Each structure stands twice: as C-alpha cells, then as structure tokens.
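Small disclaimer: the values here were computed from a predicted structure and weren't measured.
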Amino acid sequence: MARKRNLSDAFSQFEEETNDKIQNKDNELENKNEHLLKQLENKDVINKLNNEHVTKDVTLNESSLSVSQVKQDLLSMYEEKTKKETVEDTHVRTTFLLRKDLSKRLDKLAKNKRGFKTMFLNKAIEALLDELERK
C-alpha cells in the first residue's frame, strides 16, 4: 500500500525561498538607492564648493570705475554689437545638389574650419562667374 503524504506543507518550502529572494532583492535595491543618494549629496557638496570658489566679491573703491561709467561702456558696447552686419544680412541660404565625391572632398578640406565651405563656394562661384561674364 502506498504511503499517504501530508501535502499541507508541500509548498511552504517554495514560499519561504521566494520570500527570501524578494527580501534579498529589496535589500539590494535599498542599498543601491542609498549609494546613489550619497553620490548625489557628494556631487551637490562639490558643486556648492565650486560655486563658492568661482563666485568673487566685487568691490568698488575710489580707483575703480564709477557705476555710471560702467553703464555707459556697457551700453556703447551693446550698441556697437547690435549694429554689426550679420551673415544673414549679407548672404542668402541656397540649397543645391552636389555630387557625393565632391561633397566628401570638400568635407575633408573643411574639417574643423568653421565657415570654410561658405567662403570656398563664394570664392569659387565668384571666380567662375567673373570668367563667364567676360566672354
């Protein structure tokens, strides 16, 4: 005759293992969160120290410029800057198709040279137009 087993505790072992795993995961996540919070706090402290170091007190004494002189200088510099012609004032944006091989060659020449392509194309087109208009 087969033995009769009591199944009331059959799944309790698995339940205990699952609960232990869940508890371990919770502990790991909590430790990670605490670690991240400490890192953020350290970064905040470093940022505050850097900001305090960078911030400088400006004191005006008899030998320095008066506030009205600084104001005048600032306004004249701003006015001078706003009067300058921008590239958009003197140029127009144009789209055209360029052969892939020519584009690669031009890109290679223009690498790390801001404005080079604009200058190059303007000079090349100007030279060709001058030549064609002479005929």
Are Gln23 and Asn27 close enough that a side-chain donor and a side-chain acceptor fall under 3.5 Å?
yes
Would Lys83 and Glu79 satisfy salt bridge (Lys or Arg N to Asp or Glu O under 4.0 Å), going step by step from the backbone distance to the final call?
CA-CA 6 Å; Lys83 286 182 180 179; Glu79 188 177 321; 3.1 Å; yes
Distance (rounded to the nearest 0.5 Å) between Asn122 CG and Leu129 CG
10.5 Å
Heavy-atom donor-acceptor pair, Asp89 side chain to Thr86 backbone, under 3.5 Å:
yes
Roughly how far, to the nearest 0.5 Å, is the CG atom of Asn31 from the CG atom of Asp26?
11.0 Å
Using a cut-off of 6.0 Å, state whether more than 12 heavy atoms not belonging to Phe120 lie near its atom CZ.
no
With a 4.5 Å heavy-atom cut-off, do Lys117 and Asp107 have their side chains touching?
yes
Is it the case that over 12 heavy atoms from other parts of the model lie below 6.0 angstrom from the CD atom of Glu34?
yes
Tell me if the NZ atom of Lys113 is crowded by more than 12 foreign heavy atoms within 6.0 Å.
yes
Is Lys104 close to Lys108 at the side-chain level, that is, under 4.5 Å between some pair of heavy atoms?
no
What distance do Leu128 atom CG and Glu133 atom CD have between them, rounded to the nearest 0.5 Å?
11.0 Å
With hydrophobic residues grouped by side-chain heavy-atom distances under 4.5 Å, do Phe96 and Met119 end up in a single group?
yes
CG/Leu75 to CE/Met77 distance, rounded to the nearest 0.5 angstrom?
10.0 Å
Within this structure, what is the OG1-CG distance for the pair Thr94 and Leu121, rounded to the nearest 0.5 Å?
10.5 Å
